*Asks:* 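Please see the structure below; I have some questions.
Numbers here are sequence positions counted from 1. Predicted model, so just to flag it, every value in this text is computed and none were measured.
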Amino acid sequence: LVPRLCAGQQAFVEWYAAHVYPAIRGLLSTLTGWFRFSLAEWLLYALALGVPLLLAVQGVRALCRRLPPYRFLSLLLSLAIAAGALLNLFYLTWGLLYFRAPLAKRMGLAVEARSVEELASLTELLARQAAALRETVAEDAGGVFTADEEAAFAALIDAYAALAAADDTFAGTVTRAKRVCNSNGLSLLGISGIYIGLTAEPNVNTGQPPLLLLQAAAHELGIAAEDEAEFTAFLACMRASSPSIRYSGVMQALIRCGNALHAADAARYAAIAHDCYSDGMRRDLADYNAYWAALEGPAREAADAANDGYLKHNAQPNGVQSYGESVDLLLALYAAGGADALFPLC
């Protein structure tokens, strides 16, 4: 019922986001920050193993008449109540943020239909910036972009602080990202990262190629709505002192804008890619695409379907397509402030 109750109650949600949520997040992140690993990940494993084991043991006892039937039914009811409590805690610790006023409105940006020329201009600008940044980052033995993940996770805290200093729309502190131990499992599901509000932990799949890994960490440190989180991650990455973070952030934006331009005018996109993409960028993109292509399958399709339903239930009617809507925000910012608004450190 929470999504229906929150629909149209933006004043309340904004009050919650400004006064209640920061205190909750601060308390939880202080507690879970003592753990360098993802506490949420291990709690999930404990529940996934513990609940079925408990049900199996108590079910056998009930069948053997060592446990009264009403006691087993009481256990089922208790688990259902606990699941409901966790669902409501999800909304208290994170889910309500899906119902905030649009970020474009809070930033004073005009999101509207834009011409192909504007999209092409933005895509070319992103491509040239990416090529310039690519010359400043490290490569592995295969000539593919590589980065120090832990150093980047720490640097993203400062990047978000710089973003908040530049625009109080993003006021507040963020929590350091944590690597997921079973990152291969997330890769099989096509998940690059996930924020768990119940523990205030941004979890990052560190098994994926470095190209967008740093951007994924920035994404999970941001806000709830996916298109806005993508856009906010870009803004934060562009304020990072690390060229690696800026490169990862601009490459994600380039991929989104490039895909949109390819759909609108494939020839124009091909010309930009030919003229602006460096050899290093091409190697990075080939490595990234090969990694995810090898993992396509039923598990990923099921995860995508679940994520699509989750997003639609929480005030994002376009579901997983919401990720691509960050292009509209990038275009709006570009129209309002030009290249300087996108790349304040360049």
Side-chain angles (χ1 to χ4, degrees), residues 37-38 40-45 47-48 90 94-95 98 144-147 149 152-153 156 177-199 201-234 237 248-260 262-263 283-327:
F37 58 87
S38 171
E41 179 184 7
W42 292 100
L43 288 175
L44 176 62
Y45 297 153
L47 286 173
F90 158 76
W94 178 245
Y98 283 110
V144 175
F145 166 64
T146 187
E149 299 158 5
F153 291 172
L156 280 170
K178 295 182 177 182
R179 64 172 62 219
V180 173
C181 293
N182 186 23
S183 286
N184 289 335
L186 288 184
S187 291
L188 288 172
L189 298 175
I191 297 173
S192 59
I194 183 171
Y195 180 81
I196 304 297
L198 293 168
T199 58
E201 291 177 305
N203 300 274
V204 182
N205 171 1
T206 55
Q208 64 184 301
L211 180 61
L212 301 186
L213 191 158
L214 309 185
Q215 187 276 342
H219 177 106
E220 300 309 329
L221 269 63
I223 50 186
E226 294 301 336
D227 58 333
E228 297 175 357
E230 287 280 273
F231 177 65
T232 303
F234 171 81
C237 286
S248 184
V250 77
M251 283 300 291
Q252 173 71 346
L254 175 59
I255 290 170
R256 297 291 186 194
C257 290
N259 287 343
H262 184 273
R283 290 193 298 272
D284 298 340
L285 288 167
D287 177 71
Y288 177 82
N289 291 331
Y291 176 83
W292 289 109
L295 296 170
E296 291 181 355
R300 184 169 179 177
E301 292 174 4
D304 285 344
N307 190 32
D308 187 65
Y310 164 80
L311 294 174
K312 289 177 178 177
H313 183 68
N314 288 295
Q316 295 179 82
N318 292 326
V320 293
Q321 299 301 320
S322 300
Y323 293 88
E325 293 172 5
S326 59
V327 174

*Asks:* Got a sec, which residues hit ring pair (Phe, Tyr, Trp, His ring centres under 6.0 Å) with Phe153, two or more places apart in sequence or on another chain?
*Replies:* none
*Asks:* Classify the side-chain pair His219/Gln252 by whether it contains a donor and acceptor separated by less than 3.5 Å.
*Replies:* no
*Asks:* How long is the gap from CG on Leu44 to CG on Leu198, to the nearest 0.5 Å?
*Replies:*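 Spacing of CG (Leu44) from CG (Leu198) equals 11.0 Å.
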*Asks:* How close do Cys237 and Gln215 get, heavy atom to heavy atom, and via which atoms?
*Replies:* SG-CA, 4.3 Å
*Asks:* Report yes if the side chains of Asn259 and Val327 come closer than 4.5 Å at any heavy-atom pair, otherwise no.
*Replies:*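 Heavy-atom side-chain distance check fails, nothing below 4.5 Å.
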*Asks:* Can you check whether Leu285's main-chain N or O pairs, donor with acceptor, with Asn289's side chain at less than 3.5 Å?
*Replies:*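 Side chain of Asn289 to backbone of Leu285: a pair is present.
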*Asks:* Would you compute the distance between atom NE2 of His262 and atom CD1 of Ile255 and round it to the nearest 0.5 angstrom?
*Replies:*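 His262 atom NE2 to Ile255 atom CD1 measures 14.0 Å (nearest 0.5 Å).
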*Asks:* What pair of heavy atoms forms the shortest contact from Leu295 to Ser187, and how long is it?
*Replies:* CD1-CB, 3.5 Å
*Asks:* Under a 4.5 Å cut-off applied to non-hydrogen side-chain atoms, are Glu41 and Lys178 in contact?
*Replies:* no
*Asks:* Could you tell me whether a side-chain N or O of Tyr291 sits under 3.5 Å from a main-chain N or O of Ala286, the two making a donor and an acceptor?
*Replies:* no
*Asks:* Got a donor-acceptor contact below 3.5 angstrom from the Glu201 side chain to the Ala40 backbone?
*Replies:* yes
*Asks:* Quick one, Asn205 with Ile191, criterion side-chain contact (heavy atoms from CB on, under 4.5 Å). Give me CA distance, side-chain angles, the key distance, then yes/no.
*Replies:* CA-CA 7 Å; Asn205 171 1; Ile191 297 173; 5.9 Å; no
*Asks:* On a heavy-atom basis, which atom in Leu212 and which in Ser248 lie closest, and how many Å separate them?
*Replies:*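 Heavy-atom minimum between the residues: CA-OG, 3.4 Å.
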*Asks:* Check side-chain hydrogen bond (donor to acceptor under 3.5 Å, both in side chains) between Asn203 and all other residues, then give those that pass, not counting sequence neighbours.
*Replies:* Ser38
*Asks:* Which of these passes ring-ring contact (aromatic ring centres under 6.0 Å, His included) with Tyr195: Trp94, Tyr98, Phe90?
*Replies:* Trp94
*Asks:* Can you tell me how far OG of Ser183 sits from CG of Leu213, rounded to the nearest 0.5 angstrom?
*Replies:* 8.0 Å
*Asks:* Is the closest side-chain heavy-atom distance between Leu43 and Thr199 below 4.5 Å?
*Replies:* yes
*Asks:* Side chains of Asp287 and Leu211: does their closest heavy-atom pair fall under 4.5 Å?
*Replies:*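 Side-chain contact under 4.5 Å: no.
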*Asks:* Would you confirm whether Gln208, through its side chain, and Ser192, through its main-chain N or O, come within 3.5 Å as a donor-acceptor pair?
*Replies:*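 Between the backbone of Ser192 and the side chain of Gln208 there is a qualifying donor-acceptor contact (under 3.5 Å).
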*Asks:* At what distance, to the nearest 0.5 angstrom, does CH2 of Trp42 lie from CG of Asn182?
*Replies:*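 The CG atom of Asn182 is 8.5 Å from CH2 of Trp42, to the nearest 0.5 Å.
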*Asks:* Would you say the side chain of Pro209 lies within less than 4.5 Å of the side chain of Val144, judging by non-hydrogen atoms?
*Replies:*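 No - every pair of side-chain heavy atoms lies 4.5 Å or more apart.
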*Asks:* Is the shortest heavy-atom distance from the side chain of Pro210 to the side chain of Tyr288 under 4.5 Å?
*Replies:* no
*Asks:* Any side-chain heavy atom of Val204 sitting closer than 4.5 Å to one from Arg179?
*Replies:* no
